[in-house]
Each structure stands twice: as structure tokens, then as C-alpha cells.
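The structure appears below as C-alpha cells.
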Amino acid sequence: MEGIYRPRRLRINSSIRDLVRETEVNVKDLIYPVFVKHGKGTKEMVTSMPGVYRFSIDQLIEEASEVYHLGIPAILLFGIPNRKDELGSEAYHQNGIIQKAIRCLKEAVPSLLIITDVCMCEYTNHGHCGLVEKNQIVNDPSRELIAKIALSHAQAGADMVAPSDMMDGRVKVIRNFLDIEGYQNISILAYSAKYASAFYGPFREAAGSTPQFGDRKSYQMDPANSDEALREIELDIEEGADIIMIKPALSYLDIIRRARETFRVPIVSYQVSGEYAMIKAVGKMGWLDEKSVVMETITSIKRAGADGIITYFAKDIARWLIIR
């Protein structure tokens with residue numbers, strides 16, 4: 001038995017475990033998603049997501065300042081309009097909620113990276129991510145409008161645009177729109193492998209984006225498919241995506257791993273609203289330790305291959321890392 005390898009030697013105390021740890025979560029890995037709405041002095045909690053709020057712009061500035069001072073490098077911005085129509089016209093209006101928020105945030109917290117979600121679902125009266133004709137979501141006309149939204153965000157001062165609609169070919173159209181208008185330095189974070197997941201429910205409450213008919217399975221991916229995800233990612237990279245996203249995270253760690261092994265581009269994954277809500281619920285009931293579960297899940301997402309992680313727990317994680 002002399003000289004036998006004993007793995008427990010490297011687990012004997014916390015200092016040794018820290019020394020040999022293969023995966024380390026850092027505050028710079030985090031992106032914090034936030035919801036902004038019209039009004040003043042407003043901070044509304046999302047019922048199904050305790051600790052998550054819809055902010056008016058003045059309140060969002062306070063939140064963004066806290067995020068920046070915690071060392072979190074970026075926010076992902078979602079807008080909630082005052083009015084909705086078939087075209088989602090506030091999504092690309094120069095005085096829309098997102099456009100106003102970007103300008104105010106850039107003035108107040110200029111070094112915070114602002115990523116904007118580019119989609120139509122929050123802004124349309126039908127709740128779908130593209131234009132609707134005869135109860136069908138039409139692809140090519142939708143992507144032109146999606147690109148128009150992305151351009152309006154860039155014009156307002158966004159650092160990065162993140163199309164989440166899953167229309168075929170939209171990354172190429174967005175890249176062309178941005179380049180023609182002189183925004184060659186605005187990067188694209190593409191929701192490349194976005195699955196038609198049951199984990200989005202709390203987000204749809206927060207953003208008021210539930211489809212008013214049907215579902216999104218004709219454009220979001222089938223959860224059973226992984227080869228298809230690689231094809232989607234490859235197409236987005238070819239069209240000009242700078243970063244690709246896999247969403248949700250925890251149920252799709254295999255997709256993150258396959259993407260990491262296949263592509264040499266930055267990968268972001270989104271720990272979505274349902275993942276957040278489940279952890280908050282079991283933590284509140286005392287069935288699991290919330291902090292431990294959060295850190296284990298976030299570590300697993302990074303271990304699978306994600307470079308960046310979008311999570312509603314970002315502020316909590318940043319504080320835990322500071323006092324660790």
C-alpha cells in the first residue's frame with residue numbers, strides 16, 4: 001500500500017482545497033438582469049421572484065450604481081413599455097423606455113457595461129417575439145424589425161445588443177444594420193441556443209410577455225435536441241455573433257459543454273427566472289441552504305464551460321465573494 005494515491009489528502013482542509021480547486025467563480029463572470037419601466041420613484045417586486053424588482057429609471061440608477069460598486073461588470077436590460085401594439089413600436093422608438101434608460105445609465109454610471117435584450121415580446125400586444133400574420137410568426141419581416149430595435153439601442157449608447165427572438169438570420173441583419181450606420185464596435189451577444197423551456201414563467205410575469213395565443217415552440221428550440229444547438233450556434237457565429245448564449249443554464253449543462261468543446265468563442269449562459277424562483281422557494285422553506293445551492297449551481301455552469309453567467313443572484317454572489 002506504500003505510495004498509493006490518496007485523493008483525500010487534497011481535501012484535508014480548506015486551504016488545500018482552495019489551492020487545488022479547478023473552477024473558481026469570480027464577480028467578473030457575472031451579468032445582472034434588470035427590468036425598467038416608466039414612472040418615477042417606482043420599485044415593484046415581482047411576486048414570483050422575491051428580491052427582483054421592476055424599477056423606474058431613477059430607481060434603476062441607484063440599483064446600477066450598487067451593482068457597479070459590487071464589482072459586477074455588466075447589466076442586461078429589459079424594458080416594460082406603457083403601451084403595446086402589433087409592431088411593438090416602443091421597442092425601437094428613440095424615447096422608448098430602454099432608450100431613455102440607456103442614456104440615463106450612461107450618464108450616471110458610465111463604466112458599467114450595458115447589454116440590452118433585443119426582442120419584441122414585451123412590446124407587442126400578442127406577446128410573441130416576431131411579427132404575426134394569420135396566427136403565424138413570420139421570420140424575415142421580423143428580423144428587419146429586430147435589427148431596427150438593435151440599432152436604436154446602439155444609437156442610445158448601449159455597449160452590446162443581445163437578440164433573443166430566435167428568428168433565422170437575424171444576427172447577420174443586425175450586424176449589417178449596425179455596420180452601415182457606423183456602429184462597428186457594438187458587439188452582439190446572440191441568444192443562439194434558446195430552448196422552449198418551462199423555466200421562463202416568472203420572467204413572463206415580470207416583463208408582461210406571456211404569448212396571447214399559442215406558444216413559442218415554432219421558433220425556440222426543442223429541449224430534446226443538442227445537435228441542433230450546435231448548428232444554431234455555428235450559424236450565429238458565421239453571421240457575426242461575438243458571444244453566444246445558451247438558455248436556460250442548469251438543465252442544459254451538456255449543451256454548454258458541447259459548445260465549449262466545439263467553438264472558440266466566448267460563451268454566456270442564463271440562469272433563468274424559474275431556476276431563481278425554485279432556489280428562493282426551497283430556501284424560504286428551509287429545505288435547502290440558499291447560499292450553498294446558489295454557489296453550487298453557478299459553479300456548475302462555469303465548470304461546464306460558460307465564460308459569463310447571467311443570474312438574478314449576481315448581487316448576492318458578489319457580496320458572498322467579498323466576505324468569503
Side-chain angles (χ1 to χ4, degrees), residues 25-39 42-46 49 51-81 91 96-119 122 149-150 152-164 185-191 202-203 206-207 209 242-243 245 247 249 266-273 275-276 294 298 301 306-322:
V25 174
N26 188 287
V27 69
K28 299 302 182 185
D29 302 329
L30 305 175
I31 300 168
Y32 186 50
V34 290
F35 300 95
V36 61
K37 61 176 293 181
H38 292 281
T42 301
K43 183 179 177 180
E44 299 174 348
M45 183 179 285
V46 180
M49 300 175 69
V52 174
Y53 299 88
R54 305 177 193 91
F55 298 99
S56 55
I57 291 175
D58 58 319
Q59 296 296 305
L60 177 62
I61 288 170
E62 293 183 18
E63 183 79 353
S65 180
E66 181 184 5
V67 167
Y68 177 71
H69 285 103
L70 283 168
I72 298 166
I75 61 171
L76 175 60
L77 198 55
F78 296 93
I80 301 168
I97 184 59
I98 286 287
Q99 291 78 2
K100 286 181 179 178
I102 294 167
R103 291 192 291 267
C104 291
L105 285 167
K106 275 301 175 186
E107 183 176 344
V109 197
S111 296
L112 182 65
L113 186 73
I114 298 177
I115 308 169
T116 57
D117 180 77
V118 178
C119 199
E122 299 106 309
I149 296 168
S152 75
H153 293 180
Q155 290 169 333
D159 299 291
M160 185 181 298
V161 293
S164 61
N185 291 331
I186 300 298
S187 46
I188 298 175
L189 164 57
Y191 287 66
F203 174 93
S209 60
D242 301 286
I243 305 172
M245 186 195 301
K247 177 185 179 184
I267 297 172
V268 165
S269 193
Y270 196 151
Q271 186 183 51
V272 298
S273 60
E275 297 173 77
Y276 174 87
V294 170
I298 293 295
I301 296 165
D307 300 291
I309 302 167
I310 303 165
T311 175
Y312 301 96
F313 288 112
K315 290 199 305 176
D316 293 326
I317 295 167
R319 293 190 189 101
W320 296 334
L321 291 174
I322 290 169

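Residue numbers start at 1 and run along the sequence shown. Quantities reported herein were computed from a predicted structural model and do not represent experimental measurements.
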Item to check | salt bridge (charged side-chain N to carboxylate O under 4.0 Å, His left out) involving Glu62 - partner list, sequence neighbours excluded | outcome: none

Checklist entry - What residues form a side chain to side chain contact (heavy atoms under 4.5 Å, CB included) with Tyr68, not counting sequence neighbours? => result Val109, Ser111, Leu112

Next on the checklist: List the residues meeting side chain to side chain contact (heavy atoms under 4.5 Å, CB included) with Ser187, not counting sequence neighbours, and say none if there are none.
Outcome noted: Met160, Asp242

Next on the checklist: Using the rule given for side-chain contact (heavy atoms from CB on, under 4.5 Å), can you reason through Arg54 versus Val46, listing the C-alpha separation, both sets of side-chain angles and the distance that settles it, and then say yes or no?
Outcome noted: CA-CA 7 Å; Arg54 305 177 193 91; Val46 180; 4.2 Å; yes

When rounded to the nearest 0.5 angstrom, what distance separates [atom1] in [X] from [atom2] in [Y]?
{"X": "Ile309", "Y": "Ile317", "atom1": "CD1", "atom2": "CD1", "answer": "7.0 Å"}
{"X": "Ile80", "Y": "Glu122", "atom1": "CD1", "atom2": "CD", "answer": "8.0 Å"}
{"X": "Lys37", "Y": "Tyr53", "atom1": "NZ", "atom2": "OH", "answer": "14.5 Å"}
{"X": "Leu189", "Y": "Thr116", "atom1": "CG", "atom2": "OG1", "answer": "9.5 Å"}
{"X": "Ile115", "Y": "Ile243", "atom1": "CD1", "atom2": "CD1", "answer": "7.0 Å"}
{"X": "Asp29", "Y": "Thr311", "atom1": "CG", "atom2": "OG1", "answer": "11.5 Å"}

Next on the checklist: Run the side-chain contact (heavy atoms from CB on, under 4.5 Å) test on Val36 and Ile57 for me, step by step, so that the C-alpha distance in whole Å, both residues' side-chain angles and the decisive distance to 0.1 Å come before the verdict.
Outcome noted: CA-CA 6 Å; Val36 61; Ile57 291 175; 3.8 Å; yes

Item to check | Verdict with reasoning, Val268 to Ile310, per side-chain contact (heavy atoms from CB on, under 4.5 Å) | outcome: CA-CA 7 Å; Val268 165; Ile310 303 165; 3.7 Å; yes

Heavy-atom closest contact ([X] atom, [Y] atom, distance):
{"X": "Val118", "Y": "Ala150", "value": "CG1-N, 3.9 Å"}
{"X": "Ser269", "Y": "Ile301", "value": "CB-CG2, 3.9 Å"}
{"X": "Asp117", "Y": "Ser164", "value": "OD1-OG, 2.9 Å"}
{"X": "Pro163", "Y": "Ile188", "value": "CD-CG2, 3.8 Å"}
{"X": "Ala101", "Y": "Leu60", "value": "CB-CD2, 4.3 Å"}
{"X": "Phe78", "Y": "Pro33", "value": "CE1-CB, 4.0 Å"}

Item to check | Results of side chain to side chain donor-acceptor pair (under 3.5 Å) for Ser273 - residues two or more places apart only | outcome: none

Checklist entry - Who are the side chain to side chain donor-acceptor pair (under 3.5 Å) partners of Glu66, not counting sequence neighbours? => result Lys315, Arg319

Item to check | Side-chain (Lys28) to main-chain (Gly308) donor-acceptor, under 3.5 angstrom | outcome: no

Checklist entry - Going by heavy atoms in the side chains, are Tyr276 and Val52 under 4.5 Å from each other? => result yes

Checklist entry - Are any of the side-chain heavy atoms of Leu77 and Ile102 separated by less than 4.5 Å? => result yes

Item to check | NZ or CZ of Lys247 within 45° of Tyr270 ring axis and under 6.0 Å | outcome: yes

Next on the checklist: Walk me through whether Tyr32 and Glu63 qualify under side-chain hydrogen bond (donor to acceptor under 3.5 Å, both in side chains).
Outcome noted: CA-CA 10 Å; Tyr32 186 50; Glu63 183 79 353; 2.9 Å; yes

Item to check | Pairwise salt bridge (Lys or Arg N to Asp or Glu O under 4.0 Å) hits with a residue in residues 96-115, at least two apart | outcome: Lys106-Asp159

